[in-house]
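Below you'll find the structure, written out as structure tokens, and then a few comments.
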Number of protein chains: 2
Amino acid sequence: MQISSRFTVAVHTLLVIHTFKDQKTTSDFIAASVQVNPVIIRRTLLSLKAAGMVEVRAGSGGASIVRDLSDITLYDVYRAVECVDGDLFHFHENPNPACPVGRNIHAVLDCHLADAQRAMENELKKVTLLDITRELQTKLN
Amino acid sequence: MQISSRFTVAVHTLLVIHTFKDQKTTSDFIAASVQVNPVIIRRTLLSLKAAGMVEVRAGSGGASIVRDLSDITLYDVYRAVECVDGDLFHFHENPNPACPVGRNIHAVLDCHLADAQRAMENELKKVTLLDITRELQTKLN
DNA sequence: TATGGTTGTAATCGATAAGATTACATCAAA
DNA sequence: TTTGATGTAATCTTATCGATTACAACCATA
């Protein structure tokens with residue numbers, strides 16, 4: 001199983017808003033670049049808005065980024081749109097407490113899973129949208 | 001979306017086989033500890049066998065670990081049972097090449113996603129089954 | 001203020017994947 | 001040969017994602 005594309009869609013969305021900040025970046029416009037349904041983009045924007053990253057103009061249309069790009073990490077975007085209830089690894093629900101292994105499996109495994117998840121998240125925290133937009137600019141030249 | 005429970009089920013399975021190595025660890029026996037259907041355990045064992053970690057006695061029943069515990073990392077188990085085609089993050093399929101963002105989104109994002117995935121996997125590589133069994137033994141005392 | 005384009009949001013659909021379960025052929029040892 | 005396991009296919013349920021349709025609410029502007 002994979003982490004859903006909501007994350008990459010959200011990053012793409014933010015990059016479009018930034019790149020075309022002089023135009024009206026409607027959900028249809030963004031959807032044309034991402035090539036997903038506009039409703040997906042609207043839902044993505046709702047999540048990003050809830051996280052305080054963008055503002056969306058209902059009625060007139062368009063979205064803008066309202067936080068400094070250097071203050072938005074990939075991790076922030078990941079958390080804003082991904083439905084992770086906190087745990088990356090799904091644990092089987094009912095290990096048998098009557099068994100010494102079942103009774104202790106969580107105690108011996110949880111910390112290692114948390115370490116792995118944290119390592120992944122820390123990597124995402126290292127990269128800001130500013131970094132990404134600069135890399136994008138380099139590609140465009 | 002989460003990584004499936006196949007991974008934690010597989011680790012649990014290996015721990016049961018090791019902990020009860022003096023008994024006949026059938027799929028029913030293991031399933032009773034994990035509390036999943038025995039067929040799930042049999043499929044898990046098939047994967048672990050394909051990865052050269054266990055041998056399973058068809059007919060007579062039971063499974064054994066056939067590699068040194070210090071030579072089996074959590075990452076090995078993860079790869080053996082998890083259907084990851086390689087990528088942890090699912091990328092939206094068709095970014096629009098006619099858009100400067102769509103055309104370059106992979107170029108600017110892929111390496112960061114790979115870094116994050118690698119960081120997670122490296123953490124899993126640090127932990128061996130020997131470590132886990134020792135921690136389990138500590139809990140049991 | 002009437003219009004038209006846009007957002008917010010619900011509802012439905014199809015696809016995919018996981019795990020549960022049933023069934024049974026195959027196998028190996030007693 | 002009987003008995004208890006494994007190997008494996010098939011089916012079912014459930015959950016989630018993304019696509020899609022539909023429409024009310026919204027707002028700038030003509």
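Letters A, B, ... mirror the listed sequences (proteins, then strands); counts begin at 1. As the structure is a prediction and not an experimental result, all values here were calculated from the model.
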- Message: I want to confirm an ordering. Mapping A:V36 and A:S60 to their closest nucleotides on DNA chain D, which one lands closer to the 5' end?
- Response: A:V36

- Message: Over 60° means perpendicular and under 30° means parallel, so tell me whether B:F20 and B:F29 are parallel, tilted or perpendicular.
- Response: perpendicular

- Query: Closer to the 5' end of DNA chain D via nearest nucleotide, is it A:Q35 or A:R57?
  - Reply: A:Q35

- Tell me what A:V39 touches on the nucleic acid: a base, only sugar-phosphate, or nothing, going by heavy atoms under 4.0 Å. base

- When you match B:N37 and A:A58 each to their closest nucleotide on DNA chain C, which lands nearer the 5' end? A:A58

- Query: When clusters are formed by joining ILVMFWY residues with side-chain heavy atoms under 4.5 Å apart, either directly or through shared neighbours, do B:L140 and B:I132 land in the same one?
  - Reply: yes

- Checking C:dG8, D:dA5, C:dG19 against the side chain of B:T26 (C-beta onward), the nearest is D:dA5

- Separation of atom CD1 in A:I30 from atom P in C:dT6, rounded to whole Å: 12 Å

- Item | Side-chain donor-acceptor pair present, B:T26, B:D28, cut-off under 3.5 Å | no

- Would you classify B:L46 as touching base, sugar-phosphate or nothing, given that sugar-phosphate means primed atoms plus P, OP1 and OP2, and contacts are heavy atoms under 4.0 Å? sugar-phosphate

- Query: Which is true for A:G59 with a 4.0 Å heavy-atom rule: it touches a base, it touches only sugar-phosphate, or it touches nothing?
  - Reply: base

- Message: Whole angstroms only, please: what is the CG-C1' distance between B:N94 and D:dG18?
- Response: 13 Å

- Describe the nucleic acid contact of A:R43 in one word from base, sugar-phosphate, nothing, applying a heavy-atom distance below 4.0 Å. base

- A:R6 CZ to D:dA19 C1', in whole Å, measures 14 Å

- Task: Round to the nearest Å and state the distance from A:E55 atom CD to D:dC26 atom C1'.
- Result: 15 Å

- Item | A:K24 NZ - D:dT29 C1' separation (whole Å) | 11 Å

- Check each of A:K21, A:R57, A:H18 against A:S64 using the side chain to side chain donor-acceptor pair (under 3.5 Å) test, and report the only one that passes. A:R57

- Ignoring backbone atoms, establish whether B:S5 has a side-chain N or O less than 4.0 Å from OP1 or OP2 of C:dG19. yes

- Item | Protein-nucleotide distance (A:E93, atom CD; D:dA15, atom P), rounded to Å | 11 Å

- Task: Check the side chains of A:T8 and B:H90 for a donor-acceptor pair under 3.5 angstrom, ignoring hydrogens and angles.
- Result: no

- Message: Can you measure A:L45 atom CG to D:dC26 atom C1' for me and round it to whole angstrom units?
- Response: 16 Å

- Query: Roughly how many Å is it from CZ in B:R42 to C1' in C:dT26, rounded to a whole number?
  - Reply: 12 Å

